[in-house]
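Numbers restart at 1 for each chain; the letters A, B, ... are given by sequence-line order, proteins then strands.
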Amino acid sequence: MTTIAVRGAERRLMEGSEAIALASIAAGCRFFAGYPMTPFTEVLEHFARYLPEVGGTCINAESELEAVGMAWGALATGARAATGSTGQGLSLMQESFAEITLAELPLVIFNLARGQGDYFQATRGGGHGDYRHLVLAPVDITEAVELTQLAFHLADRWRNPVLVYGDYLTAHVEESVSVDPIDFGPVPDKDWAVDGATTGTGHAKLLSPLGLAKFGAEPIGIEAHLRRIVAKQHEIERTEARAETGYLDDAETVVVAFGSPARFVRSVVRDLREAGERVGFVRPITLWPFPADAVAAAAGARTVAVFELSAGQLIDDVRLAVLGRAPVVGIGGISTDGSGFGVGRLLDVETIRDRVLAVHRGGADAALPPLPDNERTLW
Amino acid sequence: MTTITSRGTVRIDTEACKGCELCITACPPRVLTMGSDLNRAGFHSPLLEPGCTGCAACLFVCPDFCFEVYRYDQPVVTEVAS
Amino acid sequence: MPTLDTSTEPSGARRVGDLTPDLLLTGEHHLCPGCGEPLALRCLLDTITDLEVTTQTIGVVGIGCYTAFTTSIDVDLVQALHGRAPSVATGIKRMRPDAVVFTLQGDGDMVNEGLQEVLHTAARGEAVTCVLLNNGVFGETGGHMTATTVLGQRTKNTIDGREAEYHGYPILIGDLISRLEGASYVARGSVHNAGAVARTKKMVRRALESQRRGDGFSFVEVLTMCPTGWFIPTGESPEYLHETLGAVHVMGELKVDGRVKTTDELHTENVARQREVEARLAAGGLDG
């Protein structure tokens, strides 16, 4: 195998979209297909720019349906491949995500979302049948570089799609980062990949979501196939949950948040700690499997607050983890800029601190400050 | 008595036949007819009369891959009642 | 008239045609009596064998009756979603440019569910060969109207025949694709008689040869019988195909080496071709 100099290995100011594309390539990704959509577009642009340099292919697909289909084909040959969009575009790909999971192909999916309202889409999925994706939610660009590479590793490790859930800030904030390949250890051989070499030998391969086998081999059958995938996903739930926690030991109020907003929450909690307030935080890094143990550890607090930029989706998983041992209250909400694509005024350290403090002082029933409104839409 | 010459012949997998009769109309010398026996799946299958040319039209149109086609090195002559 | 023994291999004869294509692990299948799809499949599989590209061929299959063959076709296969095979084939071909890549779809799959997929793949000039099995109905659900159902054709949801005012017009997909710059070879064959099958097999060969030369996208549409979905006796289905679907979806090589043929040209060629087939059958065989 030839060694290719890793672009981005030199530390420099880099926006998240570029870092994600370069981290993918460092992880061995050689195929990407996508359809432009704000704020995901620049991820596609950077793949289009960098993949040909390493002999890879980036296709500006004619639709999201076709983008995910192309990635499916590339995966079938054993290549590391990915697709992505915003949640709106991923809505169109859900049928394929479900089938790709049941066909056990290691797809990596990027959602550079317009907020956090795609939590259910990411963790429950909008497709058919019993399937799950691993979901990784980077807090900043440095972590995006790591989790992007981890996504390709976990996809191969489990033969299961992995979704990286970022947002406008993940895509467009510039940070000083370097993209260094990370070795996460060995992954299973892709002896299932098709290359045509077994055609006509009596032992041709079949990549099917249906649990079928070629004539002469014993098919596992659809029921056993689906149960095997479920068993695998239980094993993923048992072993792959990740979270960052802070100050939980004596916290009276614990704030749960994920992704870019968790960076603001973490900062607020640190500031409040320095001011002597007994607050802590839990940041799920994997949204599925949900780090229920880490969140359950917060159940000793007087109040568990959930900050998310949506009407309240993460809060369901927090309630399931806490199981009634502490009141769980949502302190986030819907907040966007005038375009609907970007960041609203709720994502502000002062504003978040006021909301955390309201719950910290007044408990779960405290009245929250009103949600800040956006500037008037210009169109 | 008259004689009929067969330049070819066929082997028929009657158990694979589903009785669609596509071969009957496809046969240029019209030497295939449907038999009255039923196979295990309950379908009639074709019978071969003398006069086959080995043209393979039956094989080309058989959806169930029932035909194997042969050409005789020397044509075979069958005597039939006139 | 006496009948001859057809149960054993004859002596003093050479075999000129096999029971089952080499690339089928078993000839047994549960498609209906008189189905045209196995005939089209034979054209495709035998051509892969003839071209000696077996150990570099990868197929992508959609969802239809023919999907039942995925376990018996001795070709590396990827099962795609309904309508999505051309994109999957694109991903495969881009990662394995040396492979011979084909797709197999029905009219409901390709022309209804995934019309944009095949058009975009053709327009991109993707070096894959898409094969359409067109019988004008959803066979697997039991005979429902598709985007290629011809006017007047009875289906379970056009019970008095397809009417333009109510159900719209059929899409002539081969004609549509032939107008795209990226498509290098486009042909429409049929399996309604032995001559048509032989001709279709040649079309498949030219399409795969075009792919191997890297000319661009190649496409073979094959009109197939579906007596079950048409609600007619199996023996009448070849003629029904010729008279109804075949009259609208005109057979022939629609585009060769980038040149689109006119319908008049196709008709003239079809008449000449039919005479040639009749002469060859009279002379003793189609296999030459």
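- In this structure, NE2 on C:H120 lies 13.0 Å from CD1 on A:I59, to the nearest 0.5 angstrom.
- Listed here is the closest heavy atom pair of A:T199 and C:D76: OG1-N, 2.9 Å.
- For the pair C:Q79 and A:L212, the minimum side-chain heavy-atom distance is 4.5 Å or more.
- Annotation for A:H203: atom NE2 does not count as buried by contact number, only 12 or fewer foreign heavy atoms lying within 6.0 Å.
- For the pair C:Q116/A:E62, no side-chain contact is recorded, criterion being any heavy-atom separation below 4.5 Å from C-beta on.
- When heavy atoms are compared at a cutoff of 4.5 Å, C:E117 approaches chain A by way of both its backbone and its side chain.
- Contacts with chain A (heavy atom to heavy atom, under 4.5 Å) involve no residue of residues 128-142 of chain C.
- Applying the 6.0 Å contact sphere to CG of A:D130 captures no more than 12 heavy atoms from other residues, nucleotides or ligands.
- Annotation: maximal heavy-atom pairing with chain C below 4.5 Å, among A:G78, A:A81, A:A213, occurs at A:A213.
- Of the inter-residue distances, the one linking A:L210 atom CG with C:I63 atom CD1 reads 6.5 Å to the nearest 0.5 angstrom.
- Looking at heavy atoms from C-beta onward, C:V78 lies in side-chain contact with A:W72 at the 4.5 angstrom threshold.
- Contacts of C:L23 with chain A are made by side-chain atoms alone, with heavy-atom separations under 4.5 Å and no backbone atom involved.
- The candidate with the highest count of non-hydrogen atom pairs below 4.5 Å against chain C, out of A:S208, A:G202, A:A76, is A:G202.
- Rounding to the nearest 0.5 Å gives a distance of 6.5 Å between OG1 of C:T121 and CD of A:E66.
- Crowding of A:R124 atom CZ: a count of heavy atoms from other residues, nucleotides or ligands under 6.0 Å exceeding 12.
- Interface remark: A:E99 contributes side-chain atoms only to the contact with chain C (heavy atom separation under 4.5 Å).
- Considering CG of A:L207 and OG1 of C:T70, their distance stands at 11.5 Å, rounded to 0.5 Å.
- When all heavy atoms of C:T71 and A:L206 are compared, the closest pair comes out as CG2-CD2, 4.2 Å.
- Looking at A:A71, there are no atoms closer than 4.5 Å to chain C (heavy atoms on both sides), in backbone or side chain.
- Between atom NZ of residue A:K214 and atom OG1 of residue C:T26 there is a gap of 13.0 Å, rounded to the nearest 0.5 Å.
- Along residues 80-100 of chain C, the residues that come nearer than 4.5 angstrom to chain A, judged on non-hydrogen atoms, are C:A80, C:L81, C:R84, C:S87, C:V88, C:T90, C:G91, C:I92, C:R94, C:M95, C:R96 in order of number.
- Between chain C and the options A:A33, A:A103, A:S63, heavy-atom pairs under 4.5 Å are most frequent for A:S63.
- Side-chain N or O atoms of A:K205 include none that pairs as donor or acceptor with a backbone N or O of C:V75 at under 3.5 Å.
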